[in-house]
Amino acid sequence: MSAIRTRFAPSPTGYMHIGGMRTALFNWLFARHHGGRFVLRIDDTDRERNVESALAPILDAFRWLELDWDEGPEVGGTCGPYFQSQRGALYTEAVQRLLAEGKAYRCFETPEQIRAARDEAEADGRTFLGTRRSLEIDDDRIAEWLEAGQPHVVRFLVPRDRSVVIDDVVRGRVEWDGGLIPDPVILRGDGSPLYNFATVVDDAGMEISHVIRAEEHLSNTPVQVLLHEALGHVLPTFAHVPYVAAPGTQEKLSKRKLEKYRNNPQFRRLFESADAVLPRIGRGGDGRPDPVMVEYYDVMGYLPEAVFNALARLGWSLDDRTEIMSRETITEAFTLERVVKSPAGLDIDKLASLQAHWMTQRPADERLERCLGYLGDAGLVEDVADPSVRDFVGRLVVAMGERLKVYSDVLEFDEFFVADDVMVFDERAVKKRLRKEGVPELLAAFRECLAAAERFDAGELEILMKGWVEERDLKIGQIIHAVRVAVTGKSSGIGMFECLELLGPESVLARIDRALLLCGSIGGSATVADPS
RNA sequence: GCCCCCUUCGUCUAGUGGCCUAGGAUGCAGGAUUCUCAGUCCUGAGACAGGGGUUCAAAUCCCCUAGGGGGUACCA
């Protein structure tokens, strides 16, 4: 039994598509599960410009998800080269063989002639198979034309008298009638190979045992099977996995429909967080990551283990109840038999819930480092190496607890990093919690209590406030919300006493004074929620 | 037009003829806890696309219809 070898063949497009990543993941999982090898082959035919810079983000995405490749760019291997642009000789050699054996032919018809014939067939309601007129040209004539540099393509001569059957691991038996397959062009006029042909030569040359790819390639399969047979290759096993669809739809997720996705209920939230975060960390301009790109999730502070888990669960399941799985669990359990047949919409809600879980598993020091990174990029802290900064952010991150879902969430707590006199009050919060009958008076009174506090730590302050409300026969809810809004400008957030401790007495008193001013000013809403 | 694939709660899925009055998760709604939010716990609503067969028995097998998708290139 031959070794398990799978491959993924990305085009250097400048970004890694999240759906493509899922297909790559399945290839990687299958190889790792069986102790086989995973090959990365770069499909860079017809785009020699800037392959390197267009490939980098793709390799970065693989590294981010920790999908290592055994052969391919950077690591090489025994079946190289791994860039299709460097495999020209292999393709021409294969074409020569087919030509010599009469399994392919030179076609001298012009694109215009072909199109005319196709239109005519369509008008008659016939299936267009091509004319094969070039087959009737005699050898001397062909030699003559070749000599004269007559433009032509090479077509594969499809055996029309048979059917093609594959036993697809995911879809089962699929059959096509060879009599309905037009002769495909395998070599362009300029001598470059077409995808369908290059894939066959490369899959065989790289000894790929299992071709695991998205289902949009299912219709290419009969031609590829025929080509493999014509070239005398051992057929790989095919597994056509469903493509990844836009959230809540069955439409293939496509970068071209990005603007439309802004109105997709699930996607909208991702776009909105991106709008809130990316400009602040200097990624809002050209090349801004969007949710179709793997890079989006990295840049926004998702965890690779969460994306890995979510992607694996898209079109695959372990059993009837397991959702949270480590990469080891998934690798151990992964089989193609448990891949579903129907397209699956990217499940943003599930990703969010998986992300929340995996975030709880990250150690405190990592959480601190990553949050510091965002705060630094956003200019909210000057020096991320400063010990006092690190101590402060460390305490904030602990106080955030499970409110920190993705690392960029820390930016929502900017009230802890801005000067007291520019902190923004949320208008609705002010209206609901501060500008209420009797509240300013209570706040003013409690301010004096705070001013007299000896120790400014959360525990002490809680005792202080509880004692204070008890004396006055109040409930804690009557004052605590007002204080929260006064010192943070917001109606929700981390524990209120932690807020006070983190800010310290000076800021707390200054902010309460500002809030009191705000309450006193009639129609003072103009000074509220006016960021600048 | 032709070829191929797909169709279970809003979503991701379990289900390979009886264990299905269809299970889990997520989302949603209600409740409990709490200073808010988040979290946690409890409760609830929520699906076999439609129609014919086959069978004692069908979400599961067959046929038809409908819907969705992919392909039909000197794209990948």
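Letters go in sequence order (proteins before strands), and every chain restarts at 1.
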Could you point out which residue of A/I212, A/I58, A/L40 forms a side-chain contact (heavy atoms from CB on, under 4.5 Å) with A/F8?
A/L40
Among A/L303, A/L29, A/L354, the one residue meeting side-chain contact (heavy atoms from CB on, under 4.5 Å) with A/F308:
A/L29
How far does the [atom1] atom of [N] sit from the matching atom of [M], given to the nearest Å?
| N | M | atom1 | value |
| --- | --- | --- | --- |
| B/rU16 | B/rG52 | P | 26 Å |
| B/rA22 | B/rA14 | C1' | 10 Å |
| B/rG31 | B/rA38 | P | 14 Å |
| B/rC28 | B/rC9 | C1' | 12 Å |
| B/rC20 | B/rC63 | P | 29 Å |
| B/rG17 | B/rU55 | C1' | 9 Å |
| B/rA49 | B/rA58 | P | 16 Å |
| B/rU26 | B/rA47 | C1' | 15 Å |

Using a strict cut-off of less than 4.0 Å between a Lys/Arg side-chain nitrogen and an Asp/Glu carboxylate oxygen, indicate whether A/D349 and A/R269 qualify as a salt bridge.
yes
Before accepting this row, confirm whether a basic side-chain N of the pair A/R403/A/E412 lies closer than 4.0 Å to the acidic partner's carboxylate O.
no
Strictly by Watson-Crick or wobble contacts shorter than 3.5 Å, is anything paired with [N], and which nucleotide is it?
| N | answer |
| --- | --- |
| B/rU7 | B/rA66 |
| B/rC2 | B/rG71 |
| B/rA47 | none |

Which is true for [X] with a 4.0 Å heavy-atom rule: it touches a base, it touches only sugar-phosphate, or it touches nothing?
| X | result |
| --- | --- |
| A/G189 | base |
| A/H217 | base |
| A/V153 | base |
| A/N220 | base |
| A/K405 | sugar-phosphate |
| A/V340 | sugar-phosphate |
| A/R171 | sugar-phosphate |
| A/G401 | nothing |

Between [options], spot the one nearest the side chain of [X], thanks.
| X | options | answer |
| --- | --- | --- |
| A/L194 | B/rG24, B/rU11, B/rC74 | B/rC74 |
| A/D320 | B/rG71, B/rC12, B/rG23 | B/rG23 |
| A/L218 | B/rU13, B/rC4, B/rC74 | B/rC4 |
| A/E498 | B/rC35, B/rU13, B/rG71 | B/rC35 |
| A/S342 | B/rU13, B/rC6, B/rC4 | B/rC6 |
| A/S219 | B/rC35, B/rC3, B/rG70 | B/rG70 |
| A/E402 | B/rG39, B/rU11, B/rC35 | B/rG39 |
| A/R188 | B/rC12, B/rG71, B/rC74 | B/rC74 |
| A/R433 | B/rU11, B/rU36, B/rC5 | B/rU36 |

Any A/E109 side-chain heavy atom under 4.5 Å of A/R155 side chain:
no
If you define the side chain from C-beta out and look only at heavy atoms, does anything of A/F271 sit under 4.5 Å from A/N264?
no
Is it the case that the side chain of A/Y261 and the backbone of A/S254 share a donor-acceptor pair, with hydrogens and angles ignored and the cut-off at 3.5 Å?
yes
Verify, without hydrogens or angle tests, whether A/R171 (side chain) and A/K341 (backbone) share a donor-acceptor contact under 3.5 angstrom.
yes
Distance-only polar pair, side chains of A/Y105 and A/D183, donor-acceptor under 3.5 Å:
yes
Check nucleotides 60-68 of chain B against the protein and report each pair of N or O atoms closer than 3.5 Å, with its distance, or say if there are none.
| from | atom 1 | to | atom 2 | distance (Å) |
| --- | --- | --- | --- | --- |
| B/rG68 | O2' | A/Q250 | NE2 | 3.0 |

Distance check needed: [N] [atom2] versus [X] [atom1], whole Å only.
| X | N | atom1 | atom2 | answer |
| --- | --- | --- | --- | --- |
| A/F267 | B/rC12 | CZ | P | 13 Å |
| A/L129 | B/rA73 | CG | P | 11 Å |
| A/L253 | B/rG70 | CG | C1' | 15 Å |
| A/N196 | B/rG71 | CG | C1' | 11 Å |
| A/F497 | B/rU34 | CZ | C1' | 12 Å |

Answer yes or no: side-chain N or O of A/R484 and base N or O of B/rC35 forming a donor-acceptor pair under 3.5 Å.
yes
Earlier contact from the 5' end, RNA chain B, for A/T249 and A/I480
A/T249
Could you say whether A/R118 or A/G248 is positioned toward the 5' end of RNA chain B, judged by the nucleotide with the nearest heavy atom to each?
A/G248
OP1 or OP2 of B/rA14 under 4.0 Å from side-chain N/O of A/S317
yes
Below 4.0 Å: OP1/OP2 of B/rU13 and any side-chain N or O of A/R338:
no
Just to be sure I understand the geometry, which residues of residues 406-416 of chain A put a non-hydrogen atom under 4.0 Å away from RNA chain B?
none
Pairwise N/O distances under 3.5 Å, protein to nucleotides 25-31 of chain B:
| from | atom 1 | to | atom 2 | distance (Å) |
| --- | --- | --- | --- | --- |
| B/rA25 | N3 | A/K350 | NZ | 3.0 |

Aromatic A/F108 / basic A/R106 pairing, under 6.0 angstrom, 45° off normal
no
